[in-house]
Number of protein chains: 2
Amino acid sequence: MSERPEIDSSGPQLVYVQVADHLAGRIERGELAPGSRLPPERELAAFYGVAYDTVRRATSLLRERGLIVTVHGRGTFVAER
Amino acid sequence: MSERPEIDSSGPQLVYVQVADHLAGRIERGELAPGSRLPPERELAAFYGVAYDTVRRATSLLRERGLIVTVHGRGTFVAER
DNA sequence: ATGCATTTGTCCGTATGTATG
DNA sequence: TCATACATACGGACAAATGCA
């Protein structure tokens with residue numbers, strides 16, 4: 001899963017933004033290839049040590065940016081292109 | 001199936017703990033014999049009037065306690081001994 | 001070998017209640 | 001008062017294992 005990032009819930013950066021940025025970095029560096037599936041949201045929550053709700057906010061951001069595509073019941077995928 | 005218990009979703013007791021406790025009671029009283037199969041999880045959900053997710057949490061607890069054993073595709077069974 | 005029903009497993013979608021700052 | 005964050009709870013869709021005809 002790559003390195004466990006430091007998520008600072010006390011700092012100025014919002015937690016869900018930190019999670020979104022970390023995932024975005026992995027996508028942009030190609031660590032997560034286009035078309036590949038991300039770990040389940042609840043797994044991401046456990047990995048980052050944050051709540052499900054927080055991961056939802058993060059993936060919501062990335063969806064808006066067009067970086068990922070989510071399919072109900074299947075998973076979340078790195079967008080093609 | 002025994003008596004329909006009161007599940008209080010507004011009280012201080014978590015719903016999945018209430019479900020787990022009720023099932024545990026039935027097992028400990030011998031109403032559910034060792035080796036016997038429990039109703040399907042989704043049936044339990046309907047019986048208790050709770051969500052599948054909640055029954056999953058409850059059975060997860062009972063598995064941790066060693067009270068039940070679950071086999072994918074077959075069912076959930078009262079542990080021997 | 002194939003298909004089907006049953007049952008558990010996995011996942012996302014949404015809502016609610018509480019706590020914190 | 002409000003946004004963030006967390007945990008629980010409910011719902012829906014899809015997938016995998018098992019057993020049997």
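Protein chains get the first letters and strands the later ones, always in sequence-line order, with residue 1 at the start of each.
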List the steps and the verdict of side-chain contact (heavy atoms from CB on, under 4.5 Å) for B/Thr76 and B/Arg37. CA-CA 6 Å; B/Thr76 299; B/Arg37 213 195 72 186; 5.8 Å; no

Indicate yes or no: at least one non-hydrogen side-chain atom of B/Thr59 is less than 4.5 angstrom from one of B/Glu41. yes

B/Pro39 versus B/Phe47: any side-chain heavy-atom pair under 4.5 Å?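 Result no, sub-4.5 Å side-chain heavy-atom pair not found.
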
B/Glu41 CD to D/dG11 C1', in whole Å, measures 16 Å

Could you tell me how far apart B/Arg56 (CZ) and C/dC11 (C1') are, to the nearest whole angstrom?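 The distance from CZ of B/Arg56 to C1' of C/dC11 comes to 12 Å, rounded to the nearest Å.
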
Could you check B/Val19 against B/Ile7 for side-chain contact (heavy atoms from CB on, under 4.5 Å), going step by step and ending with a plain yes or no? CA-CA 7 Å; B/Val19 171; B/Ile7 301 291; 4.0 Å; yes

Short N/O separations, protein against nucleotides 7-9 of chain D, under 3.5 angstrom:
unit_1, atom_1, unit_2, atom_2, d
D/dT8, OP2, B/Arg57, NH1, 3.4
D/dA9, OP1, B/Val15, N, 2.3
D/dA9, OP2, B/Tyr16, N, 3.4

Intermediate values then yes/no, side-chain contact (heavy atoms from CB on, under 4.5 Å), B/Tyr48 and B/His22: CA-CA 10 Å; B/Tyr48 286 113; B/His22 186 258; 2.6 Å; yes

Could you tell me whether the phosphate oxygens of C/dC11, OP1 or OP2, come under 4.0 Å of any side-chain nitrogen or oxygen in A/Thr76?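 No, because none of the side-chain N or O atoms of A/Thr76 sits under 4.0 Å from OP1 or OP2 of C/dC11.
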
Where along residues 65-75 of chain B does a heavy atom come under 4.0 Å from DNA chain C, residue by residue in number order? B/Thr70, B/Val71, B/His72, B/Gly73, B/Arg74, B/Gly75

For B/Thr70 and B/Arg63, does a side-chain donor sit closer than 3.5 Å to a side-chain acceptor?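 B/Thr70 vs B/Arg63: donor-acceptor pair found between side chains.
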
The side chain to side chain donor-acceptor pair (under 3.5 Å) partners of A/Asp53 (sequence neighbours excluded) come to A/Arg57

